[in-house]
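Residue numbering restarts at 1 for every chain, and letters A, B, ... go by the order of the sequence lines.
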Amino acid sequence: MDSGTDATDKSSRNFIEQIIDADLAAGKNGGQVHTRFPPEPNGYLHIGHAKSICLNFGIAKQYEGKFNLRFDDTNPAREEQEYVDAIIDDMRWLGCEWDDRLFYASDYFQQLHDWAVQLIEAGKAYVCDLDAEQMREYRGTLTEPGKPSPNRERTVAENLELFAKMKAGEFADGERTLRAKIDMASPNINLRDPVMYRIKKAHHQRTGDDWGIYPSYDFTHGQSDSLEGITHSICTLEFENHRPLYDWFCDSLGIHHPQQIEFARLNMTYLVMSKRKLLQLVTEKHVNGWDDPRMPTIRGLRRRGYTSHSIRSFCERVGVTKVNSTIDMVWLEDAIREDLNENAPRRMGVLRPLKVVLTNVPEGETAKVCELPNHPQNEEFGTRKIELGREIYIEQDDFQEDAPKKFFRLKPDGAVRLRGAGIAVLDEIVKNEAGEVVELHCAFNPDTTAKHNEKKVKGTIHWVNAEQAVEAEVRLYDHLFQTENPNKAPEGSTFLDNLNPSSLETVTAKLEPSLSHAEAGEKYQFERLGYFHVDPIDSNPGQPVFNRTATLRDSWAKSKS
RNA sequence: UGCCUCGUGGUGUAAUUGGCAACACAGCGGAUUCUGAUUCCGUCGUUCUAGGUUCAAGUCCUAGCGAGGCAGCCA
């Protein structure tokens, strides 16, 4: 990962780096820094996870420490191997490395079980007979204390025996739980005798049917961190109230005690970030799968044409704090523009074609062989040759019959420069019976510096030779949601009502000939239009399909609105 | 109306830990340009409120206000 700066040459530090600096200065953890990313394999990674991944991996890298990938797979009911594979793939793509430190919480099931027995023996855990509903009643509310479970004072021997029976499968799902004996009157509800183990006779994707009881998140996470020698356990704000519990288990067990640090998760405009909502978009087919280019998933962004560099750079820019904030979507677009502006070769393509006949070019003849640079600021990209013929296509937007004064493109009695070719002067507008413009007739002058009516020609437009044009499907994307905060839905409606009905538009474009060889995964700038990615799934050799990653900034369009 | 956390320009973050509130993005204006792109220059604008400590407060203290999180056998 190349976004992080060296630990020593960075002038300002986020609050987590400051904590680590202080720990290091105090000689904590033997001067080591060890982080981890702990996804639950029940969904695909999204841009919010990327923030956490970049943070954790970046810190390990910055402090020359270690980074683990660990799947938090303690709930077999909703976790699948498919997600494990996808998460690993996305994390590699993002540039993470974890050497041989790929772990699963399920690796620790036996150890966790033994620790549970240890706590029972210490009188700090007990088997509870309450069912889910009763437990809720006993727990109390936010403002009232809970009351102790009738089973809270069972003897150690009794607890040991019952827990063994839970493990042996002698009870039905939900019939018993193992609970930590902490404080039913605690103002922090997480401390009111939280569940450590529940009975769940489900098949686990890794441990099969070995276990009929599974540890809860709270009884798993801290100990997993501890086992792996994690020094700084970085998680999101909603776990803040769980930290006392994290600490309680580590201390009660007398094991290595990593430090949990919470930061604010990423929110962005025009996006939903919850796994539940993303899953719903997929299952209800509002999008075409997890990798739909409109999705904020890593897979969606990849397919849209985002580079891992741009995502890392974005994550770097948004910073890390404990303040709930919402990042403007344009920051993401900006990050990819910055990358692709530098690295994408230029091409010409016309999205909505309007035919132009250069009347002074003889039929069947080539007016000019033009040599265009593949990158205006970087000669190393080389050049390519494009033939200009009698008939070409230009963008419909680049002609306006009733044009404002500041319109620098084609208009009646006007002239434009055809990029890399010469000047076209408009002579005649051809319309059909409905009065629609179907064709333009122009006079062509191969001198690109030629003047028109004594004036310099100000506008330059892109074009494609009609005879040689290759047709290709191009997908134009807009925000998936049309409101800044899609989660905010009025009474009686849901976030789905905020979907943007025109988030996807598919056109058949006319592209310059060289693009027929475009290969899956390649990225181009279509001049004046934006950045386009050759879709890795729907493209075929000789028949590329393009996804628009981002438009170019357009101060002209902005000035009109 | 319990506990926890957080309040710095439009947005996101800084502030050498008590010493002239800065950076980026957005906005606006301009220059350059064979992409109305890129690049460059200029400009606008900020410490939630009220007290207190101090020569000095974004930073420390008190109160208030506002926002978020928490009552799964989810993570």
Undergrad: As a test of reading the structure: which of B/U13, B/A15, B/A75 is closest to the side chain of A/Gln18, going by heavy atoms?
TA: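 Nearest nucleotide to the side chain: B/A15.
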Undergrad: Is the closest side-chain donor-acceptor distance between A/Lys200 and A/Asn75 under 3.5 Å?
TA: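 Looking only at side-chain atoms, A/Asn75 and A/Lys200 do form a donor-acceptor pair, the distance falling under 3.5 Å.
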Undergrad: Under 4.0 Å, heavy atoms only, any strand: does A/Ser186 hit a base, just the sugar-phosphate, or nothing?
TA: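 A/Ser186: no heavy atom of the nucleic acid under 4.0 Å.
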Undergrad: Is there a side-chain polar atom (N or O) of A/Thr460 under 4.0 Å from OP1 or OP2 of B/G36?
TA: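 For B/G36, neither OP1 nor OP2 has a side-chain N or O of A/Thr460 closer than 4.0 Å.
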Undergrad: Under the criterion salt bridge (charged side-chain N to carboxylate O under 4.0 Å, His left out), which of A/Glu512, A/Glu527, A/Glu371 is the partner of A/Arg419?
TA: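 Looking at A/Glu512, A/Glu527, A/Glu371, the match for A/Arg419 under the salt bridge (charged side-chain N to carboxylate O under 4.0 Å, His left out) is A/Glu527.
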Undergrad: Please pick, from B/C34, B/A37, B/G69, the nucleotide with the shortest atom-to-atom distance to any side-chain atom of A/Thr448.
TA: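 It is B/C34.
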Undergrad: Ignoring hydrogens and angles, tell me if any N or O in the side chain of A/Asp173 forms a donor-acceptor pair with the backbone of A/Lys201 under 3.5 Å.
TA: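 Indeed, once roles are kept as given, a pair shorter than 3.5 Å links the two residues.
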Undergrad: What's the gap between B/G27 and B/C44 when it is taken at their C1' atoms, as a whole Å value?
TA: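 The answer is 8 Å between these two C1' atoms.
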Undergrad: Between B/G72, B/C70, B/A75, which nucleotide has the shortest distance from any of its atoms to the side chain of A/Arg136?
TA: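 Among B/G72, B/C70, B/A75, the one nearest the side chain of A/Arg136 is B/G72.
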Undergrad: NA contact type, A/Val457, heavy-atom cut-off 4.0 Å: base, sugar-phosphate, or nothing?
TA: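 Since no nucleic acid heavy atom lies under 4.0 Å of A/Val457, the category is nothing.
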Undergrad: So what does A/Met348 hit on the nucleic acid, given a heavy-atom distance under 4.0 Å: a base, only sugar-phosphate, or nothing?
TA: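 No contact.
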Undergrad: Between B/C40 and B/C61, how far apart are the two P atoms, rounded to whole Å?
TA: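 B/C40 and B/C61 have their P atoms separated by 43 Å.
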Undergrad: Given Watson-Crick or G-U pairs with both distances under 3.5 Å, what dot-bracket string fits RNA chain B, with | for other-strand pairs and [ ] for crossing?
TA: .((((((..((((.....[..)))).(((((.......)))))....(((((..]....))))))))))).....
Undergrad: Calculate the interatomic distance between A/His462 atom NE2 and B/G36 atom P; express it in whole Å.
TA: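 So the NE2-P distance, A/His462 to B/G36, works out to 10 Å.
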Undergrad: Using the C1' atom as the reference point in each nucleotide, state the distance between B/U13 and B/G52 in Å, no decimals.
TA: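 One C1' to the other, the span is 30 Å.
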Undergrad: Just checking A/Tyr104 against A/Phe71, ring centres under 6.0 Å apart?
TA: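 Here the rings of A/Phe71 and A/Tyr104 have centres that are less than 6.0 Å from each other.
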Undergrad: Remember a base hit wins even if backbone is also touched, and classify A/Asn241 as base, sugar-phosphate or nothing at under 4.0 Å, heavy atoms.
TA: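 Base, at least one base atom sits under 4.0 Å.
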Undergrad: Of the candidate nucleotides B/G36, B/C74, B/C25, which contains the atom at the shortest distance from the side chain of A/Asp334?
TA: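 Nearest to the side chain of A/Asp334 among the choices is B/C25.
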Undergrad: If you look at every strand shown and take non-hydrogen atoms under 4.0 Å, does A/Leu332 touch a base, only sugar-phosphate, or nothing?
TA: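 No contact.
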Undergrad: Look at all strands and tell whether A/Tyr138 reaches a base, only sugar-phosphate, or nothing, counting heavy atoms closer than 4.0 Å.
TA: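 Since no nucleic acid heavy atom lies under 4.0 Å of A/Tyr138, the category is nothing.
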Undergrad: To the nearest Å, how far apart are A/Glu316 CD and B/A14 P?
TA: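 It works out to 12 Å between those atoms.
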Undergrad: Between A/Tyr197 and A/Phe163, is the ring centroid distance below 6.0 Å?
TA: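 For A/Tyr197 and A/Phe163, the ring centres are under 6.0 Å apart.
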Undergrad: Using the side-chain heavy atoms of A/Ser325, tell me which of these nucleotides is nearest: B/G12, B/C4, B/A26.
TA: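 From the listed options, B/G12 comes nearest.
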Undergrad: Are B/G36 and A/Phe408 stacked, with the base six-membered ring and the side-chain ring centres under 5.5 Å apart and planes under 30°?
TA: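 Stacked: ring centres under 5.5 Å, planes under 30°.
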Undergrad: Please confirm whether A/Arg176 makes a cation-pi placement over A/Phe171, using NZ or CZ under 6.0 Å from the six-membered ring centre and within 45° of the ring normal.
TA: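 That pair qualifies as a cation-pi contact.
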Undergrad: With respect to the phosphate group of B/A75, does any side-chain polar atom (N or O) of A/Arg265 fall under 4.0 Å of OP1 or OP2?
TA: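 No.
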Undergrad: Could you check whether A/Gln525 gets within reach of a base, just the sugar-phosphate, or nothing at all, counting any heavy atom under 4.0 Å?
TA: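 If one applies the 4.0 Å heavy-atom cut-off, A/Gln525 turns out to touch a base.
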Undergrad: May I have the distance from A/Glu395 (atom CD) to B/U35 (atom P), rounded to whole angstrom?
TA: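 So the CD-P distance, A/Glu395 to B/U35, works out to 17 Å.
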Undergrad: Which nucleotide in the list B/G36, B/C74, B/A15 gets nearest to the side chain of A/Glu40?
TA: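 Per side-chain heavy atoms of A/Glu40, the pick is B/C74.
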Undergrad: Reckon A/Lys558 has a side-chain N or O less than 4.0 Å from the OP1 or OP2 of B/G27?
TA: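 Yes.
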Undergrad: Looking at every strand, decide which applies to A/Asp218 at a 4.0 Å heavy-atom threshold: base, sugar-phosphate, or nothing.
TA: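 Nothing: the residue A/Asp218, judged by heavy atoms under 4.0 Å, touches no strand.
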Undergrad: Any donor-acceptor pair under 3.5 Å joining the side chain of A/Arg409 to the base of B/G36?
TA: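 Side chain to base: pair found, below 3.5 Å.
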Undergrad: Verify the contact: side-chain N or O of A/Arg346 to OP1 or OP2 of B/U35, cut-off strictly under 4.0 Å; return yes or no.
TA: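 Indeed not, no polar side-chain atom of A/Arg346 lies that close.
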Undergrad: Say you pick atom P in B/G45 and the same atom in B/U5; how far apart are they, in whole Å?
TA: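 That atom pair is separated by 37 Å.
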Undergrad: Distance between the P atoms of B/C23 and B/U43, in whole angstroms?
TA: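 Between the two P atoms, the distance is 11 Å.
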Undergrad: Checking only heavy atoms, does the side chain of A/Gln377 share a donor-acceptor pair with the base of B/A37 at less than 3.5 Å?
TA: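 When only heavy-atom distances are counted, A/Gln377 does reach the base of B/A37 through a donor-acceptor pair under 3.5 Å.
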Undergrad: Taking the chi torsion of B/G7, is it syn (within 90° of 0) or anti (everything else)?
TA: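 This nucleotide is in anti.
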Undergrad: Just by distance, with hydrogens left out, do A/Tyr531 and A/Glu333 show a side-chain donor and acceptor under 3.5 Å apart?
TA: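 No pair is found: no donor N or O on one side chain lies under 3.5 Å from an acceptor on the other.
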Undergrad: Can you check the distance between B/G7 and B/C48, where both ends of the measurement are the C1' atom (answer in whole Å)?
TA: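 Here B/G7 and B/C48 have their C1' atoms 6 Å from each other.
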Undergrad: When you measure from the side-chain N and O atoms of A/Arg13 to the phosphate of B/U16, is any distance below 4.0 Å, counting only OP1 and OP2?
TA: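 A/Arg13 to B/U16 OP1/OP2: no side-chain N or O under 4.0 Å.
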Undergrad: Just checking A/Phe239 against A/His221, ring centres under 6.0 Å apart?
TA: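 Aromatic pair excluded; centres sit 6.0 Å or further apart.
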Undergrad: Of the listed nucleotides (B/G36, B/G2, B/C6), which one gets closest to any side-chain atom of A/Lys322?
TA: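 Nearest nucleotide to the side chain: B/C6.
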Undergrad: Just the rounded figure in Å: distance from P of B/A71 to CG of A/Leu191.
TA: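 Answer to the nearest Å: 14 Å.
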Undergrad: Cut-off 3.5 Å, side chains only: do A/Asp193 and A/Tyr138 have a donor facing an acceptor?
TA: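 No, because no side-chain N or O of A/Asp193 sits under 3.5 Å from a partner of the opposite role on A/Tyr138.
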Undergrad: Which of parallel (below 30°), tilted (30 to 60°) and perpendicular (above 60°) describes A/Phe532 and A/Phe546?
TA: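 Aromatic pair A/Phe532/A/Phe546 classed perpendicular.
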Undergrad: Expressed in angstrom and rounded to an integer, what is the separation of A/Leu142 atom CG from B/C70 atom C1'?
TA: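 Atom CG in A/Leu142 sits about 7 Å away from atom C1' in B/C70.
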Undergrad: Are A/Thr74 and B/A75 close enough that a side-chain N or O sits under 4.0 Å from OP1 or OP2?
TA: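 Yes, within the criterion.
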Undergrad: Expressed as a whole number of angstroms, how long is the span from A/Trp331:CH2 to B/U13:P?
TA: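 Computing the A/Trp331:CH2 to B/U13:P distance gives 8 Å.
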Undergrad: Quick one, A/Arg409 with A/Glu395, criterion salt bridge (charged side-chain N to carboxylate O under 4.0 Å, His left out). Give me CA distance, side-chain angles, the key distance, then yes/no.
TA: CA-CA 10 Å; A/Arg409 286 107 97 145; A/Glu395 208 69 56; over 6 Å; no
Undergrad: With a centroid cutoff of 5.5 Å and a plane-angle limit of 30°, would you call A/Trp556 stacked on B/G36?
TA: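 It does: the two rings, one from A/Trp556 and one from B/G36, meet the stacking criterion.
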Undergrad: Consider the side chain of A/Thr143, meaning its heavy atoms from C-beta on, and name the nucleotide among B/A37, B/U1, B/C73 that approaches it most closely.
TA: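 Out of B/A37, B/U1, B/C73, the nucleotide with an atom closest to A/Thr143's side chain is B/U1.
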Undergrad: For B/U46, decide between syn and anti, treating a glycosidic angle within 90° of 0 as syn.
TA: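 Classified anti.
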Undergrad: Could a donor-acceptor pair under 3.5 angstrom be found where the side chain of A/Arg317 meets the base of B/U13?
TA: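 Donor-acceptor pair under 3.5 Å: no.
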Undergrad: By nearest atom, which of the nucleotides B/C3, B/A75, B/G68 is closest to the A/Asn324 side chain?
TA: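 When the side chain of A/Asn324 is considered, B/G68 is the closest of B/C3, B/A75, B/G68.
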Undergrad: Expressed in whole Å, how much space separates the P atoms belonging to B/C4 and B/U62?
TA: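 About 13 Å, rounded to a whole number of Å.
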Undergrad: Do A/Asp129 and A/Arg154 meet the salt-bridge criterion of a basic N to acidic O distance under 4.0 Å?
TA: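 Yes, charged N to carboxylate O under 4.0 Å.
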Undergrad: To the nearest Å, give me how far apart NE2 (A/His49) and C1' (B/A75) are.
TA: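 Whole-Å distance recorded here is 10 Å.
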Undergrad: Round to a whole Å and report the spacing from CZ of A/Arg419 to P of B/A37.
TA: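 Value for this atom pair: 13 Å.
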Undergrad: Tell me what A/Phe239 touches on the nucleic acid: a base, only sugar-phosphate, or nothing, going by heavy atoms under 4.0 Å.
TA: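 A/Phe239: base contact, heavy atoms under 4.0 Å.
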Undergrad: Return no unless some side-chain N or O of A/Lys200 is found under 4.0 Å from OP1 or OP2 of B/C74.
TA: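 True: A/Lys200 side-chain N/O within range (under 4.0 Å) of B/C74 OP1/OP2.
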Undergrad: Suppose you measure atom P in B/A22 against the same atom in B/A15; what distance do you get, rounded to whole Å?
TA: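 Straight-line distance between the two P atoms is 14 Å.
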